[in-house]
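What follows is a short report on a single structure.
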Amino acid sequence: MAIRVRFAPSPTGQVHIGNIRTAIFNYLFARHYNGEFLLRIEDTDLERSTPEAIAKLFECMEYLGLDYDGEVMYQSKQAASHIAAADELLKKGYAYYGAPDEEGRKPVFFRIPFDFANFPMIRTVGETEIVLHDGSETTVSASGISFFSLTAKGKAAPMACCLAGLADARYFDAEDKLIFDTAAVFDRILNGEHFKFTGAAKVKFTRHEVTYHDLIKGDMAKPLDGMKDQIIVRSDSSPVFHLANVVDDIAQGVTHIVRGDDHVENTYRHVLLFHALGHTLPDYAHMPMIVNAAGKPYSKRDGDAFVGDFRKKGFLPEALFNYLSLLGWSPGDDREKMTKQQLIEAFTFDRVKSSPAQLDMNKLINLNSQYIAEMKQSDFVDMAYTFYHDITGEDVAMDAFKPVAELMQSRTKTLGQVDSWKYFFSEDFSYDQKNCTKHLTNPEIRTALVEAVNALTQLGDFSPENIAKTIEKTELDHGLAHGKLFQPMRLAVTGVAGGADLNKTIALIGREKLAERVNSALLTFK
RNA sequence: GUCCCUAUCGUCUAGAGGCCUAGGACACCGGGUUUUCAUCCCGGCAACCAGGGUUCGAAUCCCUGUGGGGAUGCCA
């Protein structure tokens with residue numbers, strides 16, 4: 001069977017980094033097996049699903065090179081099929097109308113099935129009993145059972161579950177006398193009768209559980225007595241996520257559902273829904289979440305949480321794609337810097353971890369710098385040029401920009417750092433106060449500096465070689481050790497203590513600015 | 001509260017009962033190269049959550065506890 005997966009985001013304006021990682025894993029999996037990678041936009045929340053938000057989503061997909069197959073499905077256009085599915089469930093007895101809202105409209109509930117034999121994913125665990133708080137009331141009806149269990153501290157804890165969870169429950173009082181037998185009145189319950197009683201001290205029943213196999217987490221199970229029936233159509237007739245999601249997955253012929261960890265609980269219901277709708281189940285893979293330094297879900301409060309943030313900061317899509325692939329997955333060997341093709345070849349779900357991963361900005365930056373280092377120089381120049389303009393708002397001639405970018409590429413980790421190249425092009429840059437005070441206040445140095453500048457401005461050929469010779473000569477003339485003028489000169493001209501080769505830097509800045517800057521720096525720092 | 005998942009250096013991870021004195025990468029610290037910074041090279045620091053089992057032998061299997069996450073919506 002051909003593999004078919006989908007990425008099904010809600011367009012909410014920004015694409016979350018955890019979300020796009022899910023897309024990446026879907027993509028890697030599909031491409032690894034030569035399957036299809038579909039896109040479905042879950043735009044049922046009309047408030048937030050704006051055309052701009054959708055455009056942003058496409059932009060992110062394109063940025064990261066997540067090319068999808070076939071037509072995009074818009075969930076909002078599938079409402080009719082969702083309702084049809086609800087009707088089918090109603091007809092089959094797997095759904096029922098719930099209590100009406102203030103306007104008398106009724107929602108539709110999906111009933112956790114109690115015809116266990118028809119559901120192969122439901123299995124019998126065995127006889128179980130739960131201790132109840134016998135002073136509290138138990139309610140049994142077709143829409144579920146509510147009761148109070150007895151906590152270790154002797155308190156009553158409210159619980160609720162679907163009818164299926166306690167389908168054969170027998171309730172006993174403190175003297176062990178049977179006070180209510182569900183099976184005996186099952187038909188009456190289904191007919192709408194509500195039964196209420198107090199005094200139950202324990203309930204005995206056959207526990208059943210829903211099972212599914214997760215490609216990442218392994219065999220999973222959840223007891224029915226821990227599940228409640230779920231609304232699938234709201235009283236305003238709009239389909240709920242659970243229904244829409246499953247129906248759309250059926251419509252798109254999805255074979256593997258790869259999504260976040262937070263959907264594990266939903267899955268127990270979804271497999272039931274798939275089967276009740278008469279379809280074979282897809283395989284599931286639930287990915288661990290991305291968390292922040294405190295171990296909490298990574299959110300916008302943690303800084304860069306959206307794909308757009310990373311793009312803006314100057315991370316290359318290849319680096320971000322590579323890094324995100326490595327979060328919760330590894331190829332099994334020591335490779336880390338991998339091309340998309342290598343990632344596709346190496347990707348399998350059995351190598352995905354099932355515990356959450358923390359996003360490490362340092363590692364991302366390091367990986368990004370590796371990608372930048374091996375960029376074609378001309379590509380780097382072009383990209384840096386765009387970034388420089390976008391970040392500083394300054395227009396610089398390409399002729400002037402190009403040599404600077406070429407000089408700086410090897411020491412650039414993110415494109416966002418082009419901001420620090422300002423001293424090459426404008427006077428709008430800041431001085432490192434501490435270092436300037438340290439290096440520019442010595443009288444001997446100041447005198448030598450002025451003289452060096454005089455000599456430099458009179459240089460016929462303002463080349464890095466001549467600049468180097470001139471500075472060295474000045475040092476010699478003033479009895480200064482070789483290199484004594486180096487740091488003062490750099491600070492006076494660029495404002496900072498580090499940077500590319502000083503002579504090349506000065507050559508690029510030019511003799512006019514050189515003189516102005518040294519003079520003004522000497523006035524500022526005395 | 002209940003249910004589900006989870007637990008190896010600060011971080012991402014390797015590890016499927018003996019290949020583990022636990023490997024790699026990032027970060028950090030030291031050294032070399034660079035008259036500075038970055039790169040690069042060399043070296044170092046640093047972990048199996050705790051307690052019980054099973055076994056000749058456990059990071060690996062089991063149980064309990066603890067920590068973390070998720071779910072418990074007419075959100076998705």
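First the proteins, then the strands, lettered A, B, ... as listed; each starts at 1. Only a predicted model underlies this, so the values are computations on that prediction, with no experimental measurement involved. Reckoned from all heavy atoms, side chains included, excluding hydrogens, waters and symmetry mates.
Between the base of U39(B) and the side chain of R411(A) there is no donor-acceptor pair shorter than 3.5 Å. Judged by distance alone, with hydrogens and angles left aside, S235(A) brings a side-chain donor or acceptor within reach of the base of C74(B), the pair sitting under 3.5 Å. A donor-acceptor contact under 3.5 Å is not formed by the side chain of D333(A) with the base of A14(B).
Taking atom CZ on R269(A) and atom C1' on A71(B), their separation rounds to 9 Å, with Å as the unit. Protein atom CG of D261(A) is 11 Å distant from nucleotide atom P of A7(B), rounded to whole Å. In this structure, M289(A) places its CE atom 13 Å from C1' of G68(B), rounding to the nearest Å. Spacing between atom CD of Q370(A) and atom P of A38(B) amounts to 17 Å, rounded to whole angstrom units. Across the protein-nucleic acid pair, Q230(A) atom CD and U72(B) atom P stand 8 Å apart, rounded to whole Å. Look at CG on N503(A): it is 10 Å from P on U35(B), rounded to the nearest Å. In this structure, the CG atom of N19(A) is 20 Å from the P atom of C75(B), given to the nearest Å. Rounded to whole angstrom, the span from the CG atom of N368(A) across to the C1' atom of A38(B) amounts to 15 Å.
For A14(B), neither phosphate oxygen OP1 nor OP2 lies less than 4.0 angstrom from any side-chain nitrogen or oxygen of R335(A). Taking side-chain N and O atoms only, R351(A) has a distance below 4.0 Å to OP1 or OP2 of G15(B). Dashed line: the shortest gap from a side-chain N or O of R259(A) to OP1 or OP2 of A76(B) is not under 4.0 Å. Applying the 4.0 Å criterion to OP1 and OP2 of U39(B), one finds that K413(A) has a side-chain N or O inside that range.
Within the 4.0 angstrom heavy-atom criterion, no nucleotide atom of any strand lies near A244(A). Within 4.0 Å (heavy atoms only), G328(A) reaches sugar-phosphate atoms of the nucleic acid but no base atom. When heavy atoms are screened at a 4.0 angstrom cut-off, H286(A) is found touching no nucleic acid atom at all. Residue A357(A) is classed as a sugar-phosphate contact, given heavy-atom separations below 4.0 Å to backbone atoms only. Among the protein residues, A99(A) comes within range of the nucleic acid bases, having at least one heavy atom under 4.0 Å from a base atom. Counting any heavy atom pair closer than 4.0 Å across all strands shown, E336(A) reaches a base atom. At the heavy-atom level, N245(A) lies nowhere under 4.0 Å from the strands shown. If you check every strand for non-hydrogen atoms under 4.0 Å, Y268(A) touches sugar and phosphate atoms only. G498(A) comes within contact range of at least one nucleobase, with a heavy-atom separation under 4.0 Å. Residue D501(A) is classed as a base contact, given a heavy-atom separation below 4.0 Å to a base. Across all strands, I231(A) comes closer than 4.0 Å to base atoms (heavy-atom distances). Among the protein residues, M220(A) comes within range of the sugar-phosphate backbone only, with heavy atoms under 4.0 Å from sugar or phosphate atoms but none that close to a base.
For the P atoms, the distance from A38(B) to G52(B) is 48 Å, rounded to whole Å. Of the C1' atoms belonging to A50(B) and G32(B), the separation is 44 Å, rounded to the nearest Å. The C1' atoms of G44(B) and U2(B) are separated by 49 Å, rounded to the nearest whole Å. Distance check on atom P: C49(B) versus C12(B) gives 14 Å, rounded to whole Å. To the nearest whole angstrom, the two P atoms, one in A16(B) and one in U33(B), are 42 Å apart. The gap from the P atom of C9(B) to that of G24(B) amounts to 16 Å, rounded to the nearest Å. Taking atom P on both nucleotides, A27(B) is separated from U11(B) by 16 Å, rounded to a whole Å. Taking the C1' atom of each, G23(B) and A46(B) are spaced 14 Å apart, rounded to whole Å.
Between G23(B), A76(B), C12(B), one nucleotide has an atom nearer to the side chain of H263(A) than all others, and that is A76(B). Taking only side-chain atoms of K228(A), from C-beta outward, the nucleotide of U36(B), G73(B), C74(B) with the closest atom is G73(B). Checking C74(B), A14(B), G70(B) against the side-chain heavy atoms of K353(A) singles out A14(B) as nearest. Checking U6(B), A38(B), C4(B) against the side-chain heavy atoms of S410(A) singles out A38(B) as nearest. Nearest to the side-chain atoms of S354(A) among the listed nucleotides U11(B), U6(B), C3(B) stands U6(B). The side chain of Q358(A) approaches U11(B) more closely than any other nucleotide in the set U11(B), G23(B), C74(B). When the nucleotides C4(B), C26(B), U35(B) are ranked by their closest atom to the side chain of N366(A), C26(B) comes out on top. Residue K363(A) has its side chain nearest to A25(B) when only G23(B), G70(B), A25(B) are considered.
A tilted orientation is assigned to the rings of H270(A) and F241(A), their planes being inclined by 30° to 60°.
Base pairing of A38(B): no nucleotide in any strand meets the Watson-Crick or G-U wobble criterion (both distances under 3.5 Å). Across all strands shown, U21(B) forms no Watson-Crick or G-U wobble pair with both key distances under 3.5 Å. Remark: G43(B) base-pairs with C29(B); criterion is Watson-Crick or G-U wobble with both hydrogen-bond distances under 3.5 Å. Base-pair partner of C3(B): G70(B) (Watson-Crick or G-U wobble, both distances under 3.5 Å). Pairing partner, A59(B): none, since no Watson-Crick or wobble contact has both distances short of 3.5 Å.
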Stepwise ring pair (Phe, Tyr, Trp, His ring centres under 6.0 Å) test for Y371(A) and F315(A): CA-CA 9 Å; Y371(A) 277 91; F315(A) 288 97; over 10 Å; no
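Checked against the 6.0 Å centroid threshold, Y94(A) and F119(A) count as a close aromatic pair.
Remark: the backbone N or O of S76(A) is paired with a side-chain donor or acceptor of D43(A) at under 3.5 angstrom. Side-chain atoms of E42(A) never come within 3.5 Å of backbone atoms of N245(A) as a donor-acceptor pair (strictly under, hydrogens ignored). Within the 3.5 Å criterion, the main-chain N or O of Y298(A) finds a donor-acceptor partner in the side chain of H16(A). N26(A) contributes a side-chain N or O that, together with a main-chain N or O of V258(A), makes up a donor-acceptor pair within less than 3.5 Å.
Along RNA chain B, the nucleotide closest to M159(A) and the one closest to V233(A) are compared, and the more 5′ of them pairs with M159(A). Checking K222(A) against H482(A), the closest nucleotide of RNA chain B that is more toward the 5' end is the one next to K222(A).
Salt bridge present: E336(A) and K363(A) bring a charged side-chain N and a carboxylate O closer than 4.0 Å. With salt bridges taken as basic N to acidic carboxylate O contacts below 4.0 Å, none links R234(A) and D236(A).
Taking the centre and axis of the six-membered ring of F109(A), the NZ or CZ atom of R111(A) falls outside the cone set by 45° and 6.0 Å.
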